[in-house]
Amino acid sequence: MQTTHTKPSGEAGLFTKLGRIWRHRWIDESEVRRAIPAAALERLAGRVTASERRHSGEIRICVEAGLPMSYLWRHAPPRERAVTLFGKLRVWDTAHNNGVLIYLLLAEHAIEIVADRGIDAHVDDAEWAAMAQRMSAAFREGRFEDGLTQALEEISALLVEHFPLAEGELDVNELPDEPVVL
């Protein structure tokens with residue numbers, strides 16, 4: 001899924017940058033907990049676990065209130081942060097290169113899906129984008145758990161189709177199933 005991003009310039013750019021910084025500092029982890037309470041995080045972890053019993057892929061969910069200052073000062077897009085977290089959370093480090101990160105940035109209402117090359121080779125950008133749009137529609141209605149559950153089901157179906165477990169094969173859980181809240 002490709003995104004484009006331009007930097008504002010001049011005085012308008014300064015106000016835009018300050019507004020963005022303010023928005024990211026205003027929203028904190030408590031906003032994440034309101035959107036996705038602890039019980040919902042537990043249910044999502046259980047759904048990831050259940051999903052991964054059906055395929056060899058790994059799915060991670062990461063929800064972040066706002067970007068770190070280093071990203072804000074240089075006006076980095078949410079996609080850059082998602083790709084960085086894809087690496088830090090070791091989603092890229094799966095045996096079949098079939099890890100998927102679902103990243104939510106609440107301060108900008110941004111959704112990024114980052115897929116490793118194994119699964120990404122089977123799914124076109126339009127399909128990932130459509131998945132993100134469906135999540136966004138649920139999030140606009142305040143249904144964060146429902147949107148994430150739907151995305152998990154769709155990603156699971158893709159992983160089952162392209163990376164199913166063989167008859168009698170047990171999944172090796174390569175990564176934690178619990179959502180990450182930053």
Side-chain angles (χ1 to χ4, degrees), residues 1-3 32-33 35-65 77-106 109-182:
M1 190 163 74
Q2 297 292 331
T3 53
V32 174
R33 299 293 180 192
I36 309 169
L41 290 170
E42 287 179 31
R43 287 188 296 273
L44 289 166
R47 289 180 183 116
V48 170
T49 300
S51 164
E52 290 179 359
R53 288 187 186 126
R54 300 172 32 226
H55 54 75
S56 65
E58 294 291 322
I59 302 171
R60 294 296 317 260
I61 298 171
C62 181
V63 183
E64 189 165 33
R79 180 72 176 182
E80 182 178 324
R81 178 67 171 165
V83 169
T84 297
L85 289 169
F86 181 82
K88 284 185 174 186
L89 296 172
R90 303 184 62 81
V91 182
W92 61 270
D93 194 21
T94 61
H96 301 288
N97 299 309
N98 56 0
V100 179
L101 173 68
I102 302 170
Y103 172 76
L104 309 180
L105 177 61
L106 293 185
H109 306 281
I111 299 166
E112 296 289 345
I113 300 171
V114 183
D116 206 349
R117 64 187 177 271
I119 184 64
D120 198 46
H122 298 284
V123 182
D124 65 24
D125 289 346
E127 194 166 354
W128 294 123
M131 202 177 299
Q133 288 174 342
R134 287 187 289 276
M135 275 192 290
S136 182
F139 296 166
R140 278 192 301 275
E141 296 172 1
R143 298 181 304 110
F144 287 90
E145 184 178 2
D146 292 344
L148 285 166
T149 298
Q150 179 180 354
L152 277 169
E153 290 172 1
E154 291 178 35
I155 292 167
S156 294
L158 292 170
L159 289 166
V160 166
E161 178 182 349
H162 300 292
F163 296 93
L165 292 175
E167 186 72 30
E169 181 182 8
L170 296 177
D171 176 49
V172 175
N173 196 14
E174 299 175 78
L175 299 171
D177 296 340
E178 295 76 23
V180 176
V181 175
L182 302 171

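Just so it is clear, the model here is predicted, and its values are computed rather than measured.
For the pair Thr84 (side chain) and Glu80 (backbone), a donor-acceptor distance under 3.5 Å is present. Side chain of Arg134 to main chain of Gly147: no donor-acceptor pair is present (N/O by atom type, distance under 3.5 Å, no hydrogens or angles).
Using a 4.5 Å heavy-atom threshold, the side chains of Leu175 and Leu89 count as separate. Residues Leu106 and Phe144 are in side-chain contact: their nearest non-hydrogen atoms beyond the backbone lie under 4.5 Å apart. Taking 4.5 Å as the limit, some side-chain heavy atom of Met135 sits within range of a side-chain heavy atom of Leu148. Between Ile36 and Pro179, every side-chain heavy-atom pair lies at or beyond the 4.5 Å cut-off. Within the 4.5 Å cutoff, side-chain heavy atoms of Phe139 are placed close to those of Ile111. The closest side-chain heavy-atom distance from Ser156 to His55 is below 4.5 Å. Contact of the Arg81 side chain with the Leu182 side chain is registered, since non-hydrogen atoms from C-beta on lie closer than 4.5 Å. Residues Trp128 and Val114 have side chains not in contact (no heavy-atom distance under 4.5 Å, counting atoms from C-beta outward).
Applying side chain to side chain contact (heavy atoms under 4.5 Å, CB included) to Leu41 and the options Glu178, Arg33, Glu145 leaves one that passes, Arg33.
Atoms NE2 and NE2, on His122 and His162 in that order, are 6.0 Å from each other to the nearest 0.5 Å. Between the CG atom in Leu158 and the CG atom in Asn98 there is a gap of 11.5 Å [rounded to 0.5 Å]. Atom CD1 of Ile61 sits about 4.5 Å away from atom CG of Leu44, to the nearest 0.5 Å. Rounded to the nearest 0.5 Å, atoms CG (Leu104) and SG (Cys62) are 8.0 Å apart. To the nearest 0.5 angstrom, Leu170 atom CG is 8.0 Å from Leu165 atom CG. Annotation: the span from Leu105 atom CG to Glu64 atom CD amounts to 6.0 Å, rounded to 0.5 Å.
Between Ala151 and Ile102 the shortest heavy-atom distance is CB-CD1, 4.1 Å. Contact record, Ala115 with Asp120: O-CB, 3.9 Å, taken as the closest heavy-atom pair. Of all heavy-atom pairs spanning Thr94 and Gly99, the tightest one is OG1-N, 3.7 Å. The shortest non-hydrogen separation linking His96 to Ser56 is CD2-OG, 3.5 Å. Shortest non-hydrogen contact noted between Glu174 and Glu58 is N-OE2, 3.1 Å. When all heavy atoms of Ala82 and Tyr103 are compared, the closest pair comes out as CB-CD2, 3.6 Å.
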Determine, step by step, whether Val91 and Asp116 satisfy the side chain to side chain contact (heavy atoms under 4.5 Å, CB included) criterion, reporting the C-alpha distance in whole Å, the side-chain angles of both residues, the deciding distance to 0.1 Å, and the verdict. CA-CA 8 Å; Val91 182; Asp116 206 349; 5.9 Å; no
Between Arg53 and Thr49, does the side chain to side chain donor-acceptor pair (under 3.5 Å) criterion hold? Intermediate values first, please. CA-CA 7 Å; Arg53 288 187 186 126; Thr49 300; 5.7 Å; no
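Side-chain contact of Ser51 with Arg47: a donor-acceptor pair under 3.5 Å is absent, judged by distance alone.
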